[in-house]
Every structure is written in C-alpha cells, then in structure tokens.
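Structure, as structure tokens:
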Amino acid sequence: MTQEDERWMHEAIAIARSKGSDPSTSPLGCVIVLDGKVIAGERNQTKELPDATAHAEMMAIRRACESTGELELRGATLYSTLQPCGMCTMASIWSKVGRVVYGAGRDDVHEMYFEAQHVDTLTFIGDAYRDDIVIEGGCLRDDCAKLYYGPDAELPVDEQANL
C-alpha cells in the first residue's frame, strides 16, 4: 500500500464514522478516486433508505457514475473500509473499476458482517469475470477493524446481521 492509498482510506474511515461509532450500524465508508480526485464518497444507507442494496460501495459507484456521466469507471480506485461483499465486488466488476482497496477483511471482524456461508467471493468473481481488476486488502487494517465488532465479540444472535 502507498501513502496515497492510506490518504484515501482515511477519507473512507471519516465517511464511515459520519454514521456514528456504533458497530451495530455497520459503519462502512467508501470513496472512489479517479485521476487523484474523489469522485464519490458514501456510507452504508441500507436502513435509512430502506434498501438492501444501499451498501457504501454500491452507493459510491452510483454517485461516481452520476458524477462522471459515464457507466464505466475505468482507471478509478474504490476504497472501502471493509472487504466488499459479493454484490459490491460484482458491481465493481460491471462498472469497470480498475482497482479495489479495502481495509479490514473477513477475519478481522465479527462474522455477522459477511455471508453466513464462507465463500471467497473476491477470488471467484475475479476469476470468473475479469482478470484485469486489482483487489488488495489490509490498507489501514487495524484502524478499519476498530469500526466493527471484533471476531470474538459475543453478540446476541437476534442482533446479528446476515446470520
């Protein structure tokens, strides 16, 4: 990771924190950068809208496409505070994002933030659809992981998403 990657991830973290600091709200943040400029920055908005597809990455892709007036985001980098789910990774593929950089991975946070059945969606989607997308994890991993419940957090099942 570069200093530029860390700079943009700090912006994604700030967007995630704009939702508050309660890990139960899944405070994800995402920024999309093209030619050294943020063209979109969004947080999870699933409950507010309500819309199950309103993940931070999905919302940022929508805003980036609106901002550029283009369907494709070639050359752009998407920064997400948490490893993107299969839906968000797929949206990155279809929007032709060139690179995805995420902070915390599935092993850094509680299982509730991911699909109940572990499927390596990043590798699957990359192998099945595009071999030219770069996906890198671990940028400011510890800072990003602090936004969420830890892997060993004891939470009542009825308060856990995705399980």
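Just so we're clear, the structure is a prediction, and the values are computed from it rather than from any experiment.
In this structure, Thr81 OG1 and Leu140 CG are separated by 11.0 Å, a value rounded to the nearest 0.5 Å. Distance check, rounded to the nearest 0.5 Å: CG of Leu73 to CD1 of Ile39 gives 5.5 Å. Atom CD1 of Ile32 and atom OG of Ser80 lie 10.0 Å apart (nearest 0.5 Å).
Remark: Cys139 engages Met1, Asp5, Glu6, Met9, Val101 in a side chain to side chain contact (heavy atoms under 4.5 Å, CB included) (not counting sequence neighbours). In terms of the salt bridge (charged side-chain N to carboxylate O under 4.0 Å, His left out) criterion, residue partners of Arg141 (sequence neighbours excluded) are, by chain and number, Asp108. Residues satisfying the side chain to side chain contact (heavy atoms under 4.5 Å, CB included) criterion with Asp51, sequence neighbours excluded, are Leu49, Thr53, Ala54, Arg62. Applying the side chain to side chain contact (heavy atoms under 4.5 Å, CB included) rule to Glu70 yields the partners Thr68; only residues at least two apart in sequence or on another chain are considered. By the side chain to side chain contact (heavy atoms under 4.5 Å, CB included) test, Asp35 is found to be paired with no residue, residues two or more places apart in sequence or in another chain being considered. Residues satisfying the salt bridge (charged side-chain N to carboxylate O under 4.0 Å, His left out) criterion with Glu42, sequence neighbours excluded, are Arg63.
Contact of the Val134 side chain with the Val100 side chain is not registered, since no non-hydrogen atoms from C-beta on lie closer than 4.5 Å. Between Val31 and Ile15, the closest side-chain pair of non-hydrogen atoms falls below 4.5 Å. Residues Ile61 and Trp94 are not in side-chain contact: their nearest non-hydrogen atoms beyond the backbone lie 4.5 Å or more apart. Residues Leu147 and Pro23 have side chains not in contact (no heavy-atom distance under 4.5 Å, counting atoms from C-beta outward). Looking at heavy atoms from C-beta onward, Pro151 lies out of side-chain contact with Glu111 at the 4.5 angstrom threshold. For the pair Ile93 and Ile133, the minimum side-chain heavy-atom distance is below 4.5 Å. Side-chain atoms of Tyr148 and Leu28, non-hydrogen and from C-beta on, do get closer than 4.5 Å to each other.
Placement of Tyr102 and Leu34 within a single hydrophobic cluster is found when ILVMFWY residues are connected by side-chain heavy-atom separations under 4.5 Å, directly or transitively.
Classification of the Tyr149-His110 ring pair by plane angle, with boundaries at 30° and 60°, yields perpendicular.
In terms of heavy-atom proximity, Leu82 sits nearest to Gly105 at CD1-O, 4.5 Å. Between Ala60 and Ala40 the shortest heavy-atom distance is O-CB, 3.3 Å. Residues Ala91 and Met58 come closest through the heavy atom pair CB-SD, 3.4 Å. The shortest heavy-atom contact between Gly29 and Ala16 is N-CB, 3.4 Å.
Proximity of a side-chain donor or acceptor of Thr46 to a complementary backbone N or O of His55 within less than 3.5 Å is not detected.
Looking at Ser18, Cys30, Pro27 one by one, the single match for side chain to side chain contact (heavy atoms under 4.5 Å, CB included) with Arg43 turns out to be Ser18. A side chain to side chain contact (heavy atoms under 4.5 Å, CB included) with Tyr79 holds for exactly one of Arg99, His10, Glu11; it is Arg99.
Other residues, nucleotides and ligands place no more than 12 heavy atoms under 6.0 Å from the CD atom of Gln3.
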**Asked** Yes or no on side chain to side chain contact (heavy atoms under 4.5 Å, CB included) for Ser95 and Leu71, after CA distance, side-chain angles and deciding distance?
**Response** CA-CA 6 Å; Ser95 65; Leu71 177 66; over 6 Å; no
